[in-house]
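For reference, the structure discussed in these notes is given below.
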Amino acid sequence: MRERWFGATGRKVPEIALEGTIDIDGALVLDDISDVSTIHEAHHAGTPIVVRCASAADVYAALTLGPVACALVTDETLLDLDLAGMTYG
């Protein structure tokens, strides 16, 4: 399981997690990545950023943004995505 830094908390979290299985207190939780300026502001403030994702494409899009700490999913099959394969073929 790959991990990412959870903002400036000094803690790491899984890059893809099943919703409800990790503590996301204090995070900016978004339903999509459309508000890039808010994402960058939160990142510069050290606030962890978590994005809820419903599809493989959503997970991929969220995790292409460096400031995003974690993609939250409700479908367990999304936990096993091959992000490198999606990126490099």
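Note that the structure is predicted; figures quoted are calculated from it, not measured.
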task: Determine the minimum heavy-atom distance between I33 and A61, stating which atoms define it.
output: CD1-O, 3.5 Å

message: Is there a path of hydrophobic side-chain contacts, each under 4.5 Å between heavy atoms of I/L/V/M/F/W/Y residues, joining L65 to L28?
response: yes

task: Find out whether L83 and R2 are in side-chain contact, i.e. whether some heavy atom of one side chain is under 4.5 Å from a heavy atom of the other.
output: no

message: I24 and side-chain contact (heavy atoms from CB on, under 4.5 Å): which single residue from V13, V29, I49 fits?
response: V29

statement: In this structure, NZ of K12 is separated from CZ of R4 (nearest 0.5 Å) by 11.5 Å

message: If I take atom CG from residue D75 and atom OG from residue S55, how far apart are they, to the nearest 0.5 angstrom?
response: 10.0 Å

query: What are the two closest heavy atoms between V59 and A71, and how far apart are they?
result: CG1-CB, 4.1 Å

- request: Indicate the atoms forming the closest heavy-atom contact of D58 with A54, along with that distance.
  value: OD2-N, 3.1 Å

Which side-chain N or O atoms in residues 38-48 pair as donor and acceptor under 3.5 Å with protein atoms at least two apart or in another chain?
| from | atom 1 | to | atom 2 | distance (Å) |
| --- | --- | --- | --- | --- |
| T38 | OG1 | D35 | OD1 | 3.1 |
| T38 | OG1 | D35 | OD2 | 2.5 |

- request: Kindly compute the distance separating CG (L30) from CG (L72), expressed to the nearest 0.5 Å.
  value: 10.5 Å

field: Atom pair CD1 (I16) and CD1 (I22), whose distance is rounded to the nearest 0.5 Å
entry: 11.5 Å

- prompt: For the atom pair CG (D25) and OG1 (T9), what is the distance rounded to the nearest 0.5 Å?
  reply: 11.5 Å

task: With sequence neighbours left out, write down each residue that passes side chain to side chain contact (heavy atoms under 4.5 Å, CB included) with A56, or none if nothing qualifies.
output: L78, L81, M86

field: Shared hydrophobic cluster for L79 and V50 (ILVMFWY, side-chain gaps under 4.5 Å)
entry: no

Hydrophobic cluster identity match, L18 and V68, side-chain contacts under 4.5 Å: yes

